Trainee: 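Pasting a structure below so you can have a look.
Each chain gets a letter, A, B and so on, in the order its sequence line appears, and its residues count up from 1. Quick caveat, the model's predicted, so the values are computed rather than measured.
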Amino acid sequence: MKRFTLILCLVAALVACGGDQAEIGPNPSAQARSQSLVYAYPAHQQQRVPLSAPVVLRFSSAVVSEQPEQIIQWLDADDHALDFSVTLADEGRSLMLAPGSRLQPGAAYRVVLDGLMLAKGPVQPRTLTFETAYLTSGPISQVASDSSFHVEHRFPDGDFFPILDFSSLRLQFSQPLDRRSLSYGDNLRLSGPDGLVPAEVLVSGHYLTLDPRQELTPGATYTLSLGDTLTSTLGVDMAATEYTFVPRSSGGRSTLVQQVPDANSGQRLSILTGEPINQVPLQAVLLGDDNSTQQTGDIYAELAHIPTFPTVTPLRVKRGSLLQGSPLELLIGGEVPAGFGSGEIEIRFISDAMGYLLENPFSRQPDAPRHLVLYMDIAISAQDPRANGAVTQNILHLQLNGTAVVEDGQMVINAIGVAEPRLLGLESARSLLSFYMASYPDQRNAPLPPQDQTAPQLLSWLPGAEAERYRPTDPLIFNFSEPLIPGSIRAGDNALLLVDDEPVAFHSHVDGAALVITPVESLPYGSEVEWVMFDGVTDLAGNPASAEIFAFQVPALAEGPAHAPVILSTYPGFPCPTQSRDLAADNAGRCIGGLATDDHLPLARLPADRLLHMVFSRELDPASVTPETLQVHRVDDQGEPLEVVAGHLALRGRTLTFAPAEPWQPGTLYRYRLHSVLDNPDCGVNALCDRDGLPLKTMVLALSPAQAFAPTQGGPNLDIFFRGAAEVTDVLQQLANLPTADVNANFVADPGEPRFSDHPDGLENTARLVRNPAANPLNDGTSASGNAVDDANVGCGFTEDEPPVPLVCDDQQYLHMNGILHADVVGFRASHELDPSDPTIPALVQQQGGVLVYIYPTQMFLSGTVVHVETSDAVKMLSFVAQPVDTGPQVMRIRAACDAAIVGSCDAHQGRIPAWIVEQGGEPQLLVSLDLYLDAPWLDPVVENFNILNPDGSPTLLPVSHDLRSYPLSLSLAGGVSFLPDGRLAIQQVSLNDLALSINLQLGSPPILTADLYLAIPAGEVRLVYVSEPVKQ
Amino acid sequence: MRTLRSTLAPAVLLALATPAMAGMGTTATTYGLLPFDVSTAQSLSLFGTQASAAYYNPAALTRDPRMEITGAIFHAEHDLKARSVGGSDPLSRSSNTLSNTPSQQLQLGLKFDLAKLTQYDHPVYLGLMVGTEKYAQDLLAFRAETSQGGQYLQYGRQPLFASGAIATRLWRGVHVGGGVRIMLENDANLYVTTDLQGNTDFERLTVSARPVVTPVVGARVQMGDTFCERQNCWLDGLELAVAYRGQVKAEVKVGAEAEIDGVINNPGLPLAISAIDGFQPATVSVGALYELGGYSRVGVTVELQQWSALDDELAKDTVRDQANARFRDIVIPRLGYERDLTHGLTMRGGVSWEPSSLKDNDTLEVNYLDTDRIVIGLGGSLVWRHPPVLAFPLQLDFGYQYHHLIKRDFDLYSAHPSNPSGPNQPFETVEASGSVHVFTGSATLRF
């Protein structure tokens, strides 16, 4: 027993040996060394990033560096650092970098993260690269990534992103595709085992989506072929290409129903951007920076079988998915109410959206979220018809990048997308979408997809009731309440365009909820046009639009004397040949044919990315527009050409544009020359001509009727100089005086053209010239003084009574205006930003502030009228007979706001005329004061001298001179800014002051008799309506 | 409907859980079954007289004609150390002791003479041996995991031990025996649909356990009886034995299919795990026992253990295939001595040298530690001739065994994302060492 006890003690002692079991934890520095970026927008190596996109970075813990903007570097392709500001979100875990200046199109950028400190450790160094998107219109180097037209990207590519049976295919080109050259089945084909695959094709700019109507067969071979008849908007043909692929099976699919909640009045913020979730902001000069629509709805995402695709999991969101949005308040410039709201905004998926769930490329930590890439094509539409016309459009290839993680039993997706919707067809708004979607916890009882059973309703159409504003190259636009399926319109089958009862060929495409019909040949003037839509044109859910016939008449070209085309506006510059230039001093000279006392025009400035615009009174013959007849050069200070500027000419109707190959260089002098000759033009070689072969009349002013060119004559070459400038954010508008009675632009009131007596409410775009006895200092009730003329009347003469009584003839007193304006909408200026001592700013604007619009000086044309005079007894006794005076077409030049001959006077507005849009009585009004020069170059009063007869017995003519040259007038205009039902801007302007014209006549050389005629355009008798271009082209 | 979450969370393979005590060894091979085996460091086990011979050498069941019933209690105290030597990202360790989980067995052995049931005289012995872990609280002690901190290849909780054999005298002094060792192969299959919160529905669960057997055969030659049966010669007292034990392991296969509403269905997410534990290599033991003067015996045994077969087994193991662990066959020499003292007291001792079967100093993610060992055993038995209550003498055995682990350095590798060093570089180097103390006691009734 003793031994036993001994052993027991030994045992006890031994058992007590050994230490406590170790507690093992991770290396304390392991967490610090695993801190990294977990998400970035744009994604690393993302292409075609919108220009207004910020950079959003999210990290594994909060950023603690004091000044991240000093540590993070944002570099362009030349390693220049960009200025940017940083905002924090989600308590410092996310950073948003906003660049100080706009990004360049088609440029590569790098964001370098090195040295940034997070709460748990330093960030692993990383460099992100991305490339920005190209423009759809602008200098060619910013529009085309390459001189050849080819496919640059395919999504999915079949390599990293597998192509599945439910995939839709997206192509991105090097140049924008001209959709009129596309014919699915001919030059774009997706063929499979059963032949051509029926598919919907959507095109916008560089982007094309091909969405098969039925799912592809897995395992079968498909071929996507593009033919060489596909053309870009720059006129380049595509090299024929083929892609072959075999779609994989998506396996057992799951539908994940996700809710898109609202931001609870801006309370719920995105963890990525810090902005309220699911709010689609629209930042634009036209609509202002504070506008946003809150989107809500349900998204049904179909996931492929995840265990089969564990690292790159495809998913799709079916076509027809809908998000509803709160109404937008439409405020011009962000401040002046447009007078109507947008109604509910709808965002609809017009094709199957394709997406992929990816492993986190930045961090392998188990808590780093998965990434989501989703490509979608959406259509925006608004309930209010006018807002719909202004806003409805397709946005293709909107790329959402986000994170996906399961939290509390919900799959939560936070994603960022940047869209640049075009407003009014004029401006690209900036829109940063902070998406948040969470799956319903109970997927079995999630809401079912809403069934769309309402048929699409027509809200408005162009031209509709506005047929007088229609011009033959404008498209027909039908605004529906929801998008249509483009493929459901089959020309010749369920849709017909009839011109005088004959079917004609047309292109059709759907842009948002608008159906745009473009006739292949422009509609002839005066023709009866019918658009017939039968059953079968459906919305995305298959509900058919009701069959209807839409008819209108294209304004007729009245028979009348021919007149060569004139230039209504050039941007940049003034459309007249100039003399006395001093380009180095920014002095573009004065118009030839004006007085030597005329203002000198300021040298125009053209922002680097804008095109040259030239608008004519008649359509040009496309064959006459060649690089020989329109030339652009870089010039020296004397205006001598140094080198040719290559570029792309595009003619659409009466507008000619030139896109340079490279952006204009700021500070550099350029010249563009429009060629023309006086007579016998060789169209396309030495002159630009209209469709009747008449050469471009480049010069309209003359110091005497003998120097004035005949109506069908052309003119000398027109040189316009300008200097390149930096890009601006102003929105350029081209406004046309429509409707105008003078459709054939011969500046004569032809029979058949609308007359006042047909429109007692008043004709648009007219000025009424009447006699003005009140201005007569003699105050004897006549409107003439001097020893030659007793009285004058406009349009008709006098009775035979004593004293003669002027006859009444309203029709002949109305002068018809023909003009085009270019204007820049700059933005809202608050009252405190304005100079109170500036006399050009109206009092109302000083009080409230207003939206500043710059009007570019140009020339407008008034049709002529006949002034009848009662000659004095002296004249009668001298056997002089005065014939009624045909004024001929008159030219009204808008004077620049300064005189470039006076140094420094053009610094304020560079010669542009400031106009203001203010709110008055809840409606927007445009206020402007214009200074004008009025010229009547063809005014040639005929006074027959029966004292000296010609050999054939006809009387000789007494020379008569007049002073209606560079006649200064000041015009104050005001009127409402409204939106037509099709979304175009319509600006009404009515004169607020009387315009008094006192014309001095001198009979004989040297003058023996004089006369002063007193005419006027009373206040309210200048009635202008300016209409913007059709929203869809 | 139950939430899977509560059951899944602890089962998630956290890389830094409690240091793993998975035992690739078994009680019989790592320590010894009964105090006789423990105290002689298994050197005399080929010649054991107790029921444990059913495992070590069934032929030895014929050494003692009596039947017996044995109950044993076993406690192995581990002090296994892993001392951090350095590294690029060493883990934080509060002490050097990697594991001190004991192994606590309760064993039962039986030996019968089957011939007593028959009309025949020729004895045929049946031996059965059963051992359970944690004093019969844990029948299945199975663990398979990766470990960032390191885990010892042998030692730890041992799976159920069950063995049975029969033996008989073949001719003269040649005795043979054969039997089986039984281990379990378990299969579990789960089908479930769940939402993202873990609320399950439509569950289907099947679990089955199959015995796998491996043969144990042995032969024993009493040289004197065989070659000089009638007279004495120098071969008297010399006994040779050879035994072969096949390879066997415990295996668990888990298959699951989870369909997640709205995310994965038709078919669901397939999970499949197959892991082994308690591996017994194929072993050939050859031994010789020499009786010195009737009071003492000295024995020597050489064992060849085919651990290299574990390479392929681990390659099929879901948990450990990434380790690419390689093993080598080892030869274990054992030496033992037994001396009878007065009054029924016998003392015995033994020593063996057990090299490590683990070839590499690094095994990715699994991080096995295994060292060479010197095993020293000491013990004895006491026969209590007239115990109370019982009609037959009671033999009480006790044994003590000491393992001394020779120091060896290992590099730890991990491919876990939280390891900043990455999978291709060791994040830490540790020195494995330690000691094990084994205490056993048994009571045997021979009748």
Trainee: Could you grab the distance from atom NE2 of His416(B) to atom CZ of Arg364(A), nearest 0.5 Å is fine?
Mentor: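 If I round to the nearest 0.5 Å, the distance is 9.5 Å.
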Trainee: Ser88(B) versus chain A, heavy atoms under 4.5 Å apart: side chain, backbone, both or neither?
Mentor: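 Interface part for Ser88(B): backbone (N, CA, C, O).
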Trainee: So what's closer than 4.5 Å to chain B heavy atoms on Val406(A): side chain, backbone, both or neither?
Mentor: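 Side chain only.
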Trainee: So do Ser439(A) and Leu196(B) actually touch side chain to side chain, heavy atoms under 4.5 Å?
Mentor: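 Of all side-chain heavy-atom pairs linking Ser439(A) with Leu196(B), at least one is under 4.5 Å.
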Trainee: Using residues 306-313 of chain A as the side-chain source, report each donor-acceptor pair under 3.5 Å to any protein atom, sequence neighbours left out, with the distance given to one decimal.
Mentor:
from      : atom 1 : to        : atom 2 : distance (Å)
Thr308(A) : OG1    : His305(A) : ND1    : 2.7
Thr313(A) : OG1    : Phe309(A) : O      : 2.7

Trainee: Give, for atom CG of Asp442(A) and atom CG of Asp261(B), the distance between the pair rounded to the nearest 0.5 Å.
Mentor: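 Rounded to the nearest 0.5 Å, the CG-CG separation comes out at 7.5 Å.
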Trainee: Should Arg444(A) and Asp195(B) count as an ion pair when the cut-off is N to O under 4.0 Å?
Mentor: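 Here Arg444(A) does not pair with Asp195(B) in a salt bridge, since their nearest N and O are not under 4.0 Å apart.
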Trainee: Quick check for you: among Asn96(B), Ile264(B), Asp89(B), which has the greatest number of heavy-atom pairs under 4.5 Å with chain A?
Mentor: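 Looking at each option in turn, the highest pair count goes to Asp89(B).
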Trainee: Nearest 0.5 angstrom please: Thr97(B) OG1 to Glu23(A) CD, how far?
Mentor: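 Answer rounded to 0.5 Å: 12.0 Å.
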Trainee: Given that the side chain runs from C-beta out, which part of Pro102(B) has a heavy atom under 4.5 Å from chain A: side chain, backbone, both or neither?
Mentor: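 The answer is neither part of Pro102(B).
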Trainee: Of all residues at least two apart in sequence or in a different chain, which pass the side chain to side chain donor-acceptor pair (under 3.5 Å) check with Ser61(A)?
Mentor: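 By the side chain to side chain donor-acceptor pair (under 3.5 Å) rule, Ser61(A) matches Gln35(A).
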Trainee: Check for a donor-acceptor pair, side chain of Gln365(A) on one end and backbone N or O of Pro417(B) on the other, with a separation under 3.5 Å.
Mentor: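 Checked: pair present.
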